Amino acid sequence: MTTTTTPTVPGDGIEIRPMSVHIGAELFGVDLAGDLSAAQVAAIRAALLRWKVVFFRDQALDHAGHVRLARRFGAPTPAHVVFGTDEDHPEVYSIAKHRTAQNGRAAALRCWTGWHTDITAAINPPCASILRGQTVPPYGGDTQWTNLALAYDRLSEPLKRLVEGLRAVHRFDAPRDEDYARKVGARDLAAEHPLVTVHPESGEKVLYVSPAFVKEIVGMEAREGQALLELLWEHAVSSEFTVRFRWAPGSVAFWDNRATAHLAPVDIFATDFDRQFYRVTLNGEVPVGVDGRPSRLLSGDPIEPQST
Ligand code: SIN
């Protein structure tokens, strides 16, 4: 993989400042609430493909602006196909510490699901997610992302050959409380995805091991599957593959959900700090494995774009 200290993308005025060698770049010189030019959209797309997650500072987005921005890059999904939304825009999902904290610290920690790729229990997980920070803790509350294409690339050849032929079952966790059980039960999503997918745009092979959703490896004994998954999960979040983002009010993160997993913070549950974020996800395609076989629906329906 080549690395550059990309200064400015000619023609669109967007400056790209990489944050680590393998993942994450801050993009400057663009107002996401304004009318993006075709060149700006193309530059952001290219940066997203290269850096997997891109960040913007000091953006003045409200819900309408957030959805409008998302529409420049694809078709927004409903806010959350299982948990729904209380927001006045059906595409906007609230990620709020104060709500999850109401049921106590333990419940809150369980709700913030550990390393994951968004909604891989669906046959067609979102292709990208756009998260904006509205109320941001003075410190703490960082989010981390990992580059799953690099994670695949850094496996040994024998392990690559093994995982390329395997598939895994992705589903939501077993019920944790009544509300969760009711919502997950009402829309029981499950899918079998290849353990290595081929990125539809870059052609990169991706170690598709969304830790919070993968429950078993198809055809393996539970103990074998668990041992292999533990190895892959630990590998996938090696610090070399990751980037950590420190939020400020108005910060926006835009990630390629086909090539990354991310980790929401839990340190804020040890503080009184509030944290109110909003997320819009873009409708995605059915993943395909190295052998050309697509994922398989096990339960529920594909995610459809939110109708306007
Ligand atoms: C998410 O998991 O989509 C949100 C991450 C965060 O709140 O930092």
Side-chain angles (χ1 to χ4, degrees), residues 19 23-24 26 48 52-57 59 61 63 66-67 69-70 73-74 76-85 87 91-101 107-122 125-148 170 172-173 176 180 189 209-214 233 236-237 242-271 273-284 303:
M19 293 171 64
I23 179 170
E26 285 188 298
L48 188 61
K52 316 294 190 222
V53 52
V54 293
F55 304 102
F56 304 84
R57 296 286 187 186
Q59 300 294 325
L61 289 174
H63 284 5
H66 197 161
V67 174
L69 168 70
F73 293 90
T77 66
H80 196 295
V81 286
V82 171
F83 300 121
T85 187
E87 302 302 315
E91 303 88 349
V92 177
Y93 184 52
S94 165
I95 296 173
K97 176 198 165 188
H98 62 267
R99 281 201 206 147
T100 43
L109 287 175
R110 284 198 303 275
C111 285
W112 289 49
T113 46
W115 281 100
H116 65 283
T117 299
D118 285 332
I119 322 199
T120 58
C127 65
S129 303
I130 305 175
L131 181 68
R132 78 178 208 266
Q134 182 154 301
T135 306
V136 177
Y139 52 86
D142 300 355
T143 310
Q144 296 173 70
W145 285 261
T146 191
N147 177 342
L148 295 177
H170 296 231
F172 281 86
D173 281 340
R176 301 177 271 209
Y180 181 95
L189 283 187
V209 286
S210 182
F213 285 104
V214 176
W233 287 331
V237 300
T242 69
V243 68
R244 182 178 185 122
F245 186 62
R246 177 118 197 236
W247 295 88
S251 299
V252 173
F254 187 172
W255 63 91
D256 184 342
N257 199 51
R258 301 163 298 184
T260 57
H262 56 280
L263 178 67
V266 292
D267 59 350
I268 46 167
F269 292 103
T271 74
F273 303 151
D274 198 3
R275 188 177 187 270
Q276 173 66 68
F277 282 31
Y278 295 102
R279 192 182 75 191
V280 176
T281 52
L282 297 179
N283 211 55
I303 301 174

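The basis for the numbers below is simple: all heavy atoms, side chains too, and nothing from hydrogens, waters or symmetry mates. Remember, predicted model here, so these are calculated numbers, not experimental data. Just so you know, ligand 1 is whichever comes first in the structure, and atom 1 is the first atom listed for that ligand.
For a threshold of 3.5 Å applied to N or O pairs, the pair formed by T143 and ligand 1 contains at least one separation below that value. For the pair H262 and ligand 1, the shortest N or O to N or O distance falls below 3.5 Å.
Ligand 1 lies nowhere less than 4.0 angstrom from a heavy atom belonging to S129.
Within the listing of ligand 1, atoms 1 (C), 3 (O) sit less than 4.0 angstrom from a heavy atom of R279. Of all atoms in ligand 1, numbered sequentially from 1 with element shown, those under 4.0 Å from a heavy atom of H116 are 2 (O). For ligand 1, the atoms sitting less than 4.0 Å from at least one non-hydrogen atom of P265 are 8 (O), numbered in the order shown with element in parentheses. Atom numbering of ligand 1 starts at 1 in the shown order; those under 4.0 Å from a heavy atom of A264 are 5 (C), 6 (C), 8 (O). Ligand-side atoms of ligand 1 in range of R275: 6 (C), 7 (O), 8 (O), range being under 4.0 angstrom from any heavy atom.
For R132 (side chain) and H66 (main-chain N/O), no donor-acceptor pair under 3.5 Å exists by modelled atom type.
Taking OG1 of T281 as the start and CD1 of I303 as the end, the distance is 7.0 Å to the nearest 0.5 Å.
When W115, F254, F55 are each tested for a ring pair (Phe, Tyr, Trp, His ring centres under 6.0 Å) with W145, only one passes: F55.
With sequence neighbours excluded, the residues forming a salt bridge (Lys or Arg N to Asp or Glu O under 4.0 Å) with R57 are E26, listed by chain and number.
Side chains of N257 and H262: no donor on one and acceptor on the other come within 3.5 Å.
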Table please: side-chain donor-acceptor pairs of residues 136-143 below 3.5 Å, with sequence neighbours left out.
residue, atom, partner, partner atom, Å
D142, OD2, R244, NE, 2.9
T143, OG1, W247, NE1, 2.9
T143, OG1, R275, NH2, 3.3

